[in-house]
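What follows is a short report on a single structure.
Quantities reported herein were computed from a predicted structural model and do not represent experimental measurements.
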Amino acid sequence: MAEVLVFVDHADGAVRKPTLELLTLARRLGDPVAVAVGAGAAATAGVLAEHGAVKVLTHEAAEYADYLVVPKVDALQAAVAAVSPVAVLVSSSAEGKEVAARLALRIGSGVITDAVDVEAGEQGPVATQSVFAAGFTTKSRVSKGVAVITVKPNSAAVEAAAAAGTVEELAVTFSEQATGTKVTARTPRESTGRPELTEAAVVVSGGRGVGGAESFAVIEALADSLGAAVGASRAAVDAGWYPHTAQVGQTGKSVSPQLYIASGVSGAIQHRAGMQTSKTIVAINKDAEAPIFDLVDYGVVGDLFDVVPQLTEEIKTRKG
């Protein structure tokens, strides 16, 4: 059976959820072969095998932490040469898309970014994308070389499927460009205790209607009751009410959770482009003509400061 490379996103051996989703999608195309690099790579094998990896290619070297992007591209290029896969799947993070683009250029292949689904086709893997600010859905395939595809988090449910997970050391020769951009310092991100925005199954966002930085406490309370991440519209971020790292939209982060709750968000096209692929969308806005209501599954016309606290209390009550 054909093999499919899955680039592993992990932190010191702890595999992140989007990688497990990629393994689920990879099984539709062939036998998943995971590529794990950097500190703790070997420790990922157990979890990867539980989720369908027939083989785990590992390589640990200081270059992966000390330099940006290129060492990872070198490793994936070596894996493509060793395996001859039908596709390479990478998580659609900012770094993941850069790695995918560089890899495709090196191996003379096409690249598809921000896929929301992947399936086998008669002429190779077919990727589903949401394009033109999420106004259209397209199906695409790479017509030359190995398909390199980045997939948005939450595009597939994680499904366990025990496989051999045979660990093999990947031989990697770093290119001259690998040491071109050095990491000189790192500052740990302050933890909020909430899920990572792009990976969260539930996202609660606030917009201009929140009215100020202190009022985001209402949004945070609802998010915490649901175990959700907190997002913000560009208007709220530009006003200084919430950090830029929480911005959802065309110039912010793209999310695709199971549930997206927009409170006081008008629904401008810039914001919609970053969240329209969410599985279920709920909007709370006192303006019945707000564009956000054109795409929601459920809408509440009302003052968010009346609706959101009641919703939060009802969720807490039901959790009991």
Measure the shortest side-chain to side-chain distance between [X] and [Y] over non-hydrogen atoms and say whether it is less than 4.5 angstrom.
{"X": "His51", "Y": "Thr24", "result": "no"}
{"X": "Leu48", "Y": "Thr19", "result": "yes"}
{"X": "Pro153", "Y": "Arg16", "result": "no"}
{"X": "Val54", "Y": "Thr166", "result": "no"}
{"X": "Leu20", "Y": "Val47", "result": "yes"}
{"X": "Thr198", "Y": "Ser254", "result": "no"}

Does [X] have any side chain to side chain contact (heavy atoms under 4.5 Å, CB included) partners at least two apart in sequence or in another chain, and if so, which?
{"X": "Lys17", "value": "Glu21, Asn154, Val158"}
{"X": "Ala45", "value": "Val56, Val167"}
{"X": "Leu68", "value": "Thr181, Val183"}

So how far is it from [X] [atom1] to [Y] [atom2], rounded to the nearest 0.5 Å?
{"X": "Leu22", "Y": "Leu5", "atom1": "CG", "atom2": "CG", "answer": "11.5 Å"}
{"X": "Lys182", "Y": "Glu63", "atom1": "NZ", "atom2": "CD", "answer": "9.0 Å"}
{"X": "Asp294", "Y": "Glu289", "atom1": "CG", "atom2": "CD", "answer": "9.0 Å"}
{"X": "His271", "Y": "Ser205", "atom1": "NE2", "atom2": "OG", "answer": "5.0 Å"}
{"X": "His59", "Y": "Leu76", "atom1": "NE2", "atom2": "CG", "answer": "13.0 Å"}
{"X": "Lys253", "Y": "Gln247", "atom1": "NZ", "atom2": "CD", "answer": "10.5 Å"}

Verify, without hydrogens or angle tests, whether [X] (side chain) and [Y] (backbone) share a donor-acceptor contact under 3.5 angstrom.
{"X": "His10", "Y": "Val37", "value": "yes"}
{"X": "Ser256", "Y": "Ser155", "value": "no"}
{"X": "Gln310", "Y": "Asp306", "value": "yes"}
{"X": "Lys319", "Y": "Ser225", "value": "yes"}

Consider only side-chain heavy atoms of I, L, V, M, F, W and Y, link residues closer than 4.5 Å, and tell whether [X] and [Y] are in one cluster.
{"X": "Val151", "Y": "Val4", "answer": "yes"}
{"X": "Val83", "Y": "Val86", "answer": "no"}
{"X": "Val35", "Y": "Phe174", "answer": "yes"}
{"X": "Leu57", "Y": "Val15", "answer": "no"}
{"X": "Phe7", "Y": "Val80", "answer": "yes"}

Kindly write out the residues that satisfy side chain to side chain donor-acceptor pair (under 3.5 Å) with [X], not counting sequence neighbours, or none if the list is empty.
{"X": "Thr312", "value": "none"}
{"X": "Asp238", "value": "Arg234"}
{"X": "Glu314", "value": "Arg318"}

On a heavy-atom basis, which atom in [X] and which in [Y] lie closest, and how many Å separate them?
{"X": "Ala232", "Y": "Ala236", "answer": "CB-CB, 4.3 Å"}
{"X": "Glu60", "Y": "Gly38", "answer": "CG-O, 3.1 Å"}
{"X": "Leu29", "Y": "Ala2", "answer": "O-CB, 4.4 Å"}
{"X": "Leu170", "Y": "Ala75", "answer": "CD2-O, 3.4 Å"}
{"X": "Asp297", "Y": "Thr280", "answer": "OD2-CA, 3.2 Å"}
{"X": "Pro195", "Y": "Gly227", "answer": "CG-O, 3.4 Å"}

Scan [range] for pairs that pass side-chain hydrogen bond (donor to acceptor under 3.5 Å, both in side chains), counting only residues two or more places apart or in two chains.
{"range": "residues 82-92", "answer": "Ser92-Asp114, Ser92-Thr150"}
{"range": "residues 26-44", "answer": "Arg28-Asp117"}
{"range": "residues 68-80", "answer": "Lys72-Glu95, Asp74-Arg106, Asp74-Ser175, Gln77-Arg106"}

| said: Working note: Lys55 + Glu3, criterion salt bridge (Lys or Arg N to Asp or Glu O under 4.0 Å); need CA distance, chi angles, decisive distance, verdict. | reply: CA-CA 10 Å; Lys55 191 185 303 181; Glu3 294 181 314; 3.8 Å; yes
| Under 4.5 Å side-chain linkage, directly or through intermediates, the cluster mates of Phe305 |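 Members other than Phe305 - counting any ILVMFWY side chain reachable under 4.5 Å - are Val202, Val204, Val210, Phe216, Val218, Ile219, Leu222, Leu226, Val230, Trp241, Tyr242, Leu259, Ile261, Val282, Ile284, Tyr298, Val300, Leu304, Val307, Val308, Leu311, Ile315.
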| query | In the hydrophobic clustering (ILVMFWY, side-chain contacts below 4.5 Å, transitive), which residues join Val203, or is it alone? | reply |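 Direct or chained contacts put Val203 with Leu197, Val248, Val255, Tyr260, Met275, Ile281, Ile292, Phe293, Leu295, Val296, Val301.
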Distance-only check: which donor-acceptor pairs under 3.5 Å involve side-chain atoms of residues 139-149, not counting sequence neighbours?
residue: Lys139; atom: NZ; partner: Glu119; partner atom: OE2; Å: 2.9
residue: Lys139; atom: NZ; partner: Thr128; partner atom: OG1; Å: 3.1
residue: Ser140; atom: OG; partner: Gln129; partner atom: OE1; Å: 3.2
residue: Arg141; atom: NH2; partner: Gln123; partner atom: OE1; Å: 3.2

